[in-house]
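Here the structure is laid out as structure tokens; the discussion comes afterwards.
Worth knowing before you read on, the calculation uses all heavy atoms, side chains too, and leaves out hydrogens, waters and symmetry mates. Here is the naming used below: chain letters follow the sequence lines, and residue numbers restart at 1 for every chain.
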Number of protein chains: 2
Amino acid sequence: MGHHPFKRLQSDLATLIDSLPADSQLPSEPTLALKLGVSRATLREAMRSFETQGKIRRRQGVGTFVIGDVPLIESGLEILESIETMVGRIGLSVSSHSLKVEKITADEECALVLDIPIGSGLTRISRLIMTDGRPAAYLVDTLPENILSHADLAAGFTGSVLDLLLRRGLPRLVSSRTEINAVNATTEVAHLLEIQRGDVLINFSACLYSSEGHVIDHSLSYFLPGYFKFHVNRRVG
Amino acid sequence: MGHHPFKRLQSDLATLIDSLPADSQLPSEPTLALKLGVSRATLREAMRSFETQGKIRRRQGVGTFVIGDVPLIESGLEILESIETMVGRIGLSVSSHSLKVEKITADEECALVLDIPIGSGLTRISRLIMTDGRPAAYLVDTLPENILSHADLAAGFTGSVLDLLLRRGLPRLVSSRTEINAVNATTEVAHLLEIQRGDVLINFSACLYSSEGHVIDHSLSYFLPGYFKFHVNRRVG
DNA sequence: CAGTGGTCTAGACCACACG
DNA sequence: GTGTGGTCTAGACCACTGA
């Protein structure tokens, strides 16, 4: 069959997924491929967009599951707030997993972004945001260690660099310039977020500025599209 | 060879692409797959992210080509402006291709978004934005025909509904609520933008509001990530 | 027409979770 | 161990472009 069954396959899959209750398991890929009359490769490609939309979740070694109502995390982009604040507002459990703090030295790229000399000491904090029992975002903060050192990260650090700096009060923060993009997940990020390599992610790259105009922190964020809803109100010029 | 050559393949591909001058053609997929020691399927998947980043362009029946410097279209999201304005600012040629104007009637979804009765007459305008000789964005505007009818779209209409309404002055526009997402390209949109089905796109879904608080227009936009750079300045709360 | 990318298949083997 | 999803292969055929 040299047909192009993709369109029909998508529709069949949508029907199947909608017909199943939340948290139920789909047939295994070989079984489902046989039932839908396509090869496993084609089936897997069609499943991709459903996973992007947060309708299904695939777990290696376990199975593919229908997700009921995704707890949508909504946020306006005019005001800078931490993920913890965003998630807390909708009354959802949130936790930082795989919290990692590293001491690194600035390479050329870091030095340029943070406006510091090459070789300066930096603190890098990376973490996973878990909601509804699955990772939904991956965040990496990088900042000079004279602003935030290992010693500053004693007990009670939840993972949010922004919240920590705001609590401390110094340096005084005023704004963040955030660049918005859409990217393919790299192998590393895909594994952390438990998605497929190449899947779609919303990507923020932001610089946090102090009242004196210095760059305090650079953050890279990757969000699962199906779990977040970002919006902005734009004035007519 | 049951190896996982993906990581190395990506690096090899990056080296190859960077080593070639702009606009030069890559070897054909079977040839390149053989040279890099992987199957064609694996090669194609690795090429995906390079296409997303705007580094290469694939043209069916022709070949795969290296893109030199992508003309980056940059825009802040605080102010609403048309693509024509954005592109014009950086002194690039821009044109609306495949301009299509349809008269449709509101289904349930349209009615909800535009806050009008089901079955109302609507005008739908869709178009492709071409820059640097390739489609870079696909835009669909939907609005009540009593606000914009076929007759209003006489000579000189360039495709931008926003610019037309602003020139006309009525209704008075004040703001747009824009939702930002990342999606997989559907088969239809992928064909229009000359990319692969499932590729990454930045997606805006926006409602344009009049000074009286009415929804004037709903627009859906799809942008090739490699060609656009959106940013926003976020105030610390 | 010849040559390119686009789609799909059948099958292999690996990595992982769980009992 | 069994059963699941994750990766990769070799090969087929289609759709398209341009000489």
Worksheet item: Can you check the B/Leu36 CG to D/dA10 P distance for me, whole Å?
Response: 14 Å

Worksheet item: Got a sec, which residues hit salt bridge (charged side-chain N to carboxylate O under 4.0 Å, His left out) with A/Lys7, two or more places apart in sequence or on another chain?
Response: B/Glu188

Discussion item. Please tell me if A/Ser39 has a side-chain N or O lying less than 4.0 Å from either OP1 or OP2 of C/dG11.
Written reply: no

Counting only pairs under 3.5 Å, give me each side-chain donor-acceptor contact of residues 219-228 of chain B, with atom names and distances, residues two or more places apart or in other chains.
residue, atom, partner, partner atom, Å
B/Tyr227, OH, B/Arg134, NE, 3.2

Item to complete: Using modelled atom types only, decide if a donor and an acceptor are shared between the side chain of B/Gln25 and the backbone of B/Val62 within a distance under 3.5 Å.
Response: yes

Practice prompt. Kindly write out the residues that satisfy side-chain contact (heavy atoms from CB on, under 4.5 Å) with A/Thr187, not counting sequence neighbours, or none if the list is empty.
Written response: A/His191, A/Arg197, B/Phe6

Practice prompt. Strictly below 4.0 Å, heavy-atom distances to any atom of DNA chain D: list the hits from residues 185-201 of chain A, or just say none.
Written response: A/Gln196, A/Arg197

Response to the item:
Sorted by chain and residue number, the side-chain contact (heavy atoms from CB on, under 4.5 Å) partners of B/Arg89 (sequence neighbours excluded) come out as B/Ser75, B/Glu81, B/Met86

Item to complete: For A/Leu32 and D/dG3, give me the distance from atom CG to atom C1', rounded to whole Å.
Response: 16 Å

Worksheet item: What integer distance in Å separates B/Phe50:CZ from C/dG5:C1'?
Response: 18 Å

Practice prompt. Measure the distance from CZ on A/Arg44 to P on C/dT7 and round it to the nearest whole Å.
Written response: 18 Å

Discussion item. Nearest whole Å is fine: how far is C/dG6 P from A/His4 NE2?
Written reply: 12 Å

Worksheet item: In terms of side-chain heavy atoms, does B/Thr158 have a donor or acceptor partner in B/Ser160 at a distance below 3.5 Å?
Response: no

Worksheet item: Are A/Thr52 and A/Ser49 close enough that a side-chain donor and a side-chain acceptor fall under 3.5 Å?
Response: no

Worksheet item: Please give, in whole Å, the distance from D/dA12 P to B/Arg40 CZ?
Response: 13 Å

Worksheet entry | Rounded distance in Å - CG (A/Leu9) to P (C/dT7) | 14 Å

Worksheet item: Quick one: which of D/dC8, D/dG6, C/dT9 gets closest to the side chain of A/Pro5?
Response: C/dT9

Worksheet item: What about B/Arg57, does its side chain sit under 3.5 Å from the base of C/dG5 through a donor-acceptor pair?
Response: no

Worksheet item: Taking B/Thr15 for the side chain and B/Ser11 for the main chain, is one N or O donor matched with an acceptor at less than 3.5 Å?
Response: yes

Practice prompt. Can you spot which of B/Leu148, B/Leu139, B/Thr142 makes a side chain to side chain contact (heavy atoms under 4.5 Å, CB included) with B/Ile125?
Written response: B/Leu148

Worksheet item: Which whole-number value in Å describes the distance from A/Leu43 CG to C/dG11 C1'?
Response: 16 Å

With the criterion being N/O to N/O and under 3.5 Å, what pairs connect the protein with nucleotides 2-4 of chain C, and how long is each?
residue, atom, partner, partner atom, Å
C/dG3, N2, B/Gly61, O, 2.9
C/dT4, O2, B/Gly61, N, 3.3

